[in-house]
Amino acid sequence: MALRFFNTLTQRVEEFSPVRDNTVRMYTCGPTVYSYAHIGNFRAFTFYDLLRRWLRARGFTLEHVMNITDVEDKIIRGAMAEGKTLDQYTAGYTQAFLDDCAVLRLEPPERLVRATEHIQEMARSIRELGEKGYTYRSEGSVYYRIARFPEYGKLSHKNFSGILAGARVDVDEYDKDDARDFVLWKAPKNGEPFWETEIGPGRPGWHIECSVMAIQYLGQTLDIHAGGIDLTFPHHENEIAQAEALTGQPFARFWLHTEFLLVEGQKMSKSLGNFHTLRDILGRGYQPEAVRYLLASVPYRKQLNFTFDGLKSAAAAIERLRSFKLRLETARMPAPGDPSMAARARQALAVFESALDDDLNTAEALAAVFEFVREANTRMDAGEFPSSAVPPSLALLDRFDSVFDVLRPALSQGAIGDAEIQALVAERAQAKKARDFARADQIRQQLLDQGVVLEDTKDGARWKRK
RNA sequence: GGCGCCGUAGCCAAGUGGUAAGGCAGAGGUCUGCAAAACCUUUAUUCAGCGGUUCGAAUCCGCUCGGCGCCUCCA
């Protein structure tokens, strides 16, 4: 079956293909760089990465744009509190974000765009919206008039015909005509940074940057727009209102939203003390691959309960796969014969792929891999795993790792070199031959202290980095 | 108050009408100089609970209980 995704817009799983020339034009909402990104943020970014990788695995070319929001209330507050310019304040957090992404092996998008580098484009779009009658001014700020956009609510499937009874409506926003109206452009006030533009001085509201930059780099209609589920309303709804008013075209064909991450069953919050940045977690000694695996292993539309137990499980699962791969690469197999194992590997690959095709069902895809691993190990133990089954088995692991990317261990600085390890392994083999087990165990421990695990097999010792 | 999601073994989790995937953890065993790895056996007659529809339900419907989200900045 073909690749398909759940589309928030239609509330259905739909077959996906890009609108033209095999290129997927995709926009994802990136970070607001006012502090370090937390593990919940990285659930979304990991999802973008899996999506990218699977689209490419399926033969599509990517044109992926992600924004960095580097002007916004919290940033301004933070910068002013520290007496820094916006640039000074955001540069560090932007770099930290990029570093964290690299640690988690998140592929950079084709284009990373900053809001502050597109202020004039935003101002022009706001002017155009005004010319089309979608805006009004109030005390120097510009607002979007939702009453002019009847389709408002079509993404989040909200019905605005009644009053938002019980909802907390910001009573301070007295300068808006309608509670749903949102600010496009904020007038400068008391020392806050602002830009001189064709619509006057000020700074952009949050929603406009995404519409403007997406259209600028990807065209009027995107194939995919993705983000966290909490962005569905109002952010993405507002993006649609802006973009479609501007172009008259559908803004995005597929809207994909990631569910929330919980920590130990509860919403992450600073007051609960369960607020974790990636740095915190790695600082506790967990491997980045384990974090990546855990975030990837739960299908993106399910809430993910992040626990440190789960992180340990993830690390153990990765170890199992690494050991299997090492065994495939190092063990001596009998000559080609029974073709059933090779066929089984190809079948597992097909199941793996169709699971990911099905709205990125990573849990089911993983099951296909592990099921094969167990069967293959059993056959190897029995000496019935022919060498001809090795290439299709490695092909399965390659496909798996092209998406999950957890098999390659992260090399720590100052790690012992391969040549040195091999010398020690050889020395230990000699010691074992001489039945000097004390020396052999000493070498094994010495390697272990340096993060290298040595395992004896009937074909001799093999080693791997931990 | 409105809208929506979820509740499957100790933990994570797939499965949405045909008789319970997978991972981790635990127990016992095989192999091993010792380890490690791997394998085998074992852990849900049952899918929050109660009713209903059906030849047949974890899967559909109703009610109850419990958890979560959005409606406000938020991945």
Side-chain angles (χ1 to χ4, degrees), chain A residues 11 28-32 34 37-48 72-74 153 156-160 162-170 173 179-180 206 226-235 237 257-262 265-269 293-294 297-307 309-324 326-327 331 351 355 358 361-382 432 435-438 440-441 444-445 448 453-458 461-464:
Chain A
Q11 302 281 279
T28 57
C29 286
T32 299
Y34 69 98
H38 56 69
I39 189 66
N41 298 124
F42 282 111
R43 198 230 173 145
F45 301 133
T46 302
F47 162 63
Y48 303 161
E72 177 267 358
D73 290 353
K74 286 192 286 284
S156 51
H157 302 94
K158 292 188 184 304
N159 180 359
F160 293 97
I163 309 284
L164 292 171
R168 282 171 283 172
V169 174
D170 190 346
E173 301 264 26
R180 301 171 302 167
W206 173 41
I229 194 166
D230 51 322
L231 296 184
T232 310
F233 186 89
H235 183 55
E237 203 72 70
H257 290 102
T258 338
E259 253 297 349
F260 246 75
L261 173 143
L262 304 176
Q266 294 180 292
K267 183 168 179 174
M268 183 166 44
S269 75
Y293 183 98
L294 180 57
S297 62
V298 177
Y300 76 96
R301 287 203 293 129
K302 280 205 69 157
Q303 288 180 357
L304 187 160
N305 188 13
F306 181 91
T307 65
D309 265 1
L311 222 38
K312 289 185 193 121
S313 296
I318 293 169
E319 262 321 293
R320 181 170 165 81
L321 295 173
R322 285 180 180 169
S323 292
F324 177 66
L326 192 61
R327 192 176 188 187
V351 173
D358 181 13
N361 189 338
T362 49
E364 202 175 338
L366 284 171
V369 173
F370 280 105
E371 213 168 331
F372 174 76
V373 169
R374 181 170 35 74
E375 286 177 38
N377 270 321
T378 302
R379 296 284 288 272
M380 284 189 221
D381 280 3
K432 271 186 71 177
R435 302 196 66 78
D436 181 359
F437 295 121
D441 290 350
R444 187 168 61 196
Q445 185 58 45
L448 187 61
V453 181
L454 228 157
E455 297 167 354
D456 290 323
T457 75
K458 63 181 165 56
R462 67 182 194 186
W463 60 270
K464 62 185 177 186

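Convention: sequence-line order gives letters A, B, ...; per-chain numbering from 1.
Rounded to the nearest Å, the gap between the C1' atom of B/C24 and that of B/U30 is 22 Å. B/A13 and B/C71 are spaced 30 Å apart, taking the C1' atom of each and rounding to whole Å.
Stacking annotation: A/Phe437 is stacked on the base of B/G33 (ring centroids less than 5.5 angstrom apart, interplanar angle below 30 degrees).
Dashed line: the shortest gap from a side-chain N or O of A/Arg374 to OP1 or OP2 of B/A38 is not under 4.0 Å. Phosphate proximity of B/A37 to A/Arg462: absent, as no side-chain N or O sits under 4.0 Å from OP1 or OP2. A sub-4.0 Å separation between OP1 or OP2 of B/A38 and a side-chain N or O of A/Asn377 is absent.
Applying the side-chain contact (heavy atoms from CB on, under 4.5 Å) criterion to A/Glu259, with sequence neighbours excluded, gives A/Arg43, A/Ile229, A/Gln303.
In this structure a side-chain-to-backbone donor-acceptor pair under 3.5 Å is missing from A/Asp358 to A/Ala355.
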Quick one, A/Arg435 with A/Phe437, criterion side chain to side chain contact (heavy atoms under 4.5 Å, CB included). Give me CA distance, side-chain angles, the key distance, then yes/no. CA-CA 5 Å; A/Arg435 302 196 66 78; A/Phe437 295 121; 3.6 Å; yes
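Within the nucleic acid shown, A/Asp441 comes within 4.0 Å of at least one base atom, counting heavy atoms only.
Picking from B/C39, B/A14, B/A75 the nucleotide with the shortest atom distance to the side chain of A/Ala363 gives B/A14.
A/Ser156 and A/Glu237 share a side-chain donor-acceptor pair at under 3.5 Å.
We find that NE2 of A/His257 is positioned 15 Å from C1' of B/C5, with the value rounded to whole Å.
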Kindly express the pairing pattern of RNA chain B in dot-bracket notation, using | wherever a base pairs with another strand and counting only Watson-Crick or G-U pairs under 3.5 Å. ((((((((.[[[..)..(...]]].(((((.......))))).....[[[[[..)....]]]]])))))))....
